[in-house]
Participant: 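Dropping a structure here in structure tokens format, bear with me for questions.
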Protein chains: 2
Amino acid sequence: MPKYAANDLSRSVEDYLKVIYHLTESGESASTTAIADVLDLAAPSVSGMIKRLAEAGLAEHQPYKGVTLTKDGRHAALRMLRRHRVIETYLVSHLGYTWDNVHDEAEKLEHAVSEDLVERLSRALGDPRFDPHGDPIPAADGQIVDVSTTPLPDIPVGESVTISRVDTGSAERLRWLAGAGLVPGVRITMLDHQPFNGPVTVSLNGARRVVGRELAEQLLCTRPE
Amino acid sequence: MPKYAANDLSRSVEDYLKVIYHLTESGESASTTAIADVLDLAAPSVSGMIKRLAEAGLAEHQPYKGVTLTKDGRHAALRMLRRHRVIETYLVSHLGYTWDNVHDEAEKLEHAVSEDLVERLSRALGDPRFDPHGDPIPAADGQIVDVSTTPLPDIPVGESVTISRVDTGSAERLRWLAGAGLVPGVRITMLDHQPFNGPVTVSLNGARRVVGRELAEQLLCTRPE
DNA sequence: CTTTAGACTTAGCTATGCCTAAATACGCCG
DNA sequence: CGGCGTATTTAGGCATAGCTAAGTCTAAAG
């Protein structure tokens, strides 16, 4: 018999679940310190919350080894992710926000919107599958598509690719990228790699763009065929 | 020098301020029990919060006599009222909500939206001055229009008036009224009063509507000239 | 003028979620 | 293998905001 999904988690719990979800996406478990860093909290506060999450059946904790989400916890985290990304998309396409300033607003709203409102927002948008940063929006049932992408610096010279995802939360970087036209959906061709972690040069619509290595790593591309 | 408006009140504080604002609109001070009833809290909890509100300079408390808002408190309450009504209006006109089901959603969102978002919503609506229930929306600076209205049962037979405001939060009543076409902006003519607090009969667009006294009291009308 | 019901406040407890300080475990380096 | 630094947990507090139980004030009725 499935447990009733606890649908009334506190704001804090929701935030922890989201962070743990992100930290464990690559398979490893999330450490206390890593969580504390992201949420800007003291480590003991995180220790305490991890215990509560485990008791609530949302997370599994191996003391001193880290924490992972249970099925319930992952489900709740995906619900938050859906909310966040639907809200961001709506704010950008219907209320004049730009992709560099939606994050904070969505961060607050995602804890306040009802299931119903999220679905209305999604429908008003035509049930988009990606948000303005190219991040996939989980479906209402928690399904999330897994697009295989390659960081821009790993693209060989001469190859043409499509930018599919921009993996930074930095408003400054997002603004610069938007100004340079380097946004999801755009087709670019790799022209040059400089060695020793130097910049890469790409062309888009005939124009040249030089992008520093660190930023280029955050431009995730889909390769042809 | 004006005090900086405390812009980071807790959800609870915001709720208390709203309730005290409503209870004191008619000039009297709000009693502990009245506040407790509306918020569905125990009286001692309210006593405690009133003390905190007074310490924060948001309310004035005469022990055993009731509480009123200070200028700061009233300002914060009006800010919440603006948020609530702008959100309700947006949900109805852009997201397919009906006037009987927006309240709960707005109640949660009003604590989460930023000043910026409220102004964007308002602009997207053309800066409306009334919400779907006909309640005036305070301006961003706290100005609120005071429309003088008359409860429907006080309209003499034969007079034609416009429904300007529907003063009930009951979803059932709102649904019935919408079905009967008795919504703000509609012009009706008083046909009959039954005695002993009996129902009133009105015509709208040639149709007759019989409305019980209690409900009719909640239909606030503007009279000609 | 007293009594008394009901409104209001005080006292003291609970839960959440944060903190600092102190204790303890892990794992690496010599 | 032992020690040491870092990560982690435990212990003990604090603030907010709720609760019940008990005491106190007000005002109306006798």
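Each chain gets a letter, A, B and so on, in the order the sequences are listed, and its residues count up from 1.
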Participant: Remember a base hit wins even if backbone is also touched, and classify B/Thr32 as base, sugar-phosphate or nothing at under 4.0 Å, heavy atoms.
Facilitator: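 Counting heavy atoms under 4.0 Å across all strands, the contact made by B/Thr32 is with sugar-phosphate only.
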Participant: Can you measure B/Leu39 atom CG to D/dC19 atom P for me and round it to whole angstrom units?
Facilitator: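 Rounding to the nearest Å, CG of B/Leu39 and P of D/dC19 are 10 Å apart.
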Participant: Could you tell me whether the phosphate oxygens of D/dG18, OP1 or OP2, come under 4.0 Å of any side-chain nitrogen or oxygen in B/Ser45?
Facilitator: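 B/Ser45 to D/dG18 OP1/OP2: no side-chain N or O under 4.0 Å.
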Participant: Please tell me if B/Arg52 has a side-chain N or O lying less than 4.0 Å from either OP1 or OP2 of D/dT16.
Facilitator: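 False: B/Arg52 side-chain N/O out of range (4.0 Å or more) of D/dT16 OP1/OP2.
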Participant: Under 4.0 Å between a Lys/Arg side-chain N and an Asp/Glu carboxylate O for B/Arg11 and B/Asp15?
Facilitator: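 B/Asp15 and B/Arg11: salt-bridged.
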Participant: Check B/Arg120 with A/Glu105, please: is the shortest side-chain N to carboxylate O separation under 4.0 Å?
Facilitator: no
Participant: Report the nucleotide, chosen from D/dT10, D/dG18, C/dT9, that has the shortest atom-to-atom distance to any side-chain atom of A/Pro44.
Facilitator: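 Of the candidates, D/dT10 comes closest.
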Participant: For the side chain to side chain donor-acceptor pair (under 3.5 Å) test, which of B/Thr149, B/Asp135, B/Asp131 pairs with B/Arg165?
Facilitator: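 Of the listed options, the one satisfying the test is B/Asp135.
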Participant: When the distance from NZ of A/Lys51 to C1' of D/dT9 is rounded to whole Å, what number comes out?
Facilitator: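 Those two atoms, NZ and C1', are 7 Å apart.
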Participant: What is the distance from CD of B/Glu55 to P of D/dA15, rounded to the nearest Å?
Facilitator: 12 Å
Participant: If you compare every side-chain N and O of A/Lys65 against the phosphate oxygens of C/dG27 (OP1, OP2), does one of them come in below 4.0 Å?
Facilitator: yes
Participant: Salt bridge check: are B/Glu107 and B/Lys18 linked by an N-O gap of less than 4.0 Å?
Facilitator: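 Salt bridge flag = yes for B/Lys18 with B/Glu107.
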Participant: If I take atom CD in residue A/Gln62 and atom P in nucleotide C/dC26, what distance separates them, rounded to the nearest angstrom?
Facilitator: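 Taking atom P of C/dC26 as the reference, CD of A/Gln62 is at 12 Å.
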Participant: Rounded to the nearest angstrom, tell me the gap between atom CD1 in B/Ile50 and atom P in D/dG18.
Facilitator: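 Between P of D/dG18 and CD1 of B/Ile50: 12 Å.
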Participant: Would you call A/Arg123-A/Glu119 a salt bridge at under 4.0 Å N-O?
Facilitator: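 No, no charged N to carboxylate O under 4.0 Å.
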Participant: Both A/Pro63 and A/Ala42 contact DNA chain C. Which one's nearest nucleotide lies toward the 5' end?
Facilitator: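 It is A/Ala42, whose closest nucleotide lies nearer the 5' terminus.
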Participant: Check the distance between C/dT16's C1' and A/Leu58's CG and give it to me in whole angstrom.
Facilitator: 15 Å
Participant: Kindly say if B/Ser12 contacts the phosphate of D/dT16, meaning a side-chain N or O under 4.0 Å from OP1 or OP2.
Facilitator: no
Participant: Take the protein atom OH of B/Tyr64 and the nucleotide atom P of D/dG23, then report the distance between them rounded to whole Å.
Facilitator: 14 Å
Participant: Counting just side-chain N and O atoms, does A/Tyr16 come under 4.0 Å of either OP1 or OP2 of C/dC18?
Facilitator: yes
Participant: Please report the distance, rounded to the nearest Å, between CZ in A/Arg11 and C1' in D/dT16.
Facilitator: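 Rounded to whole Å, this separation is 16 Å.
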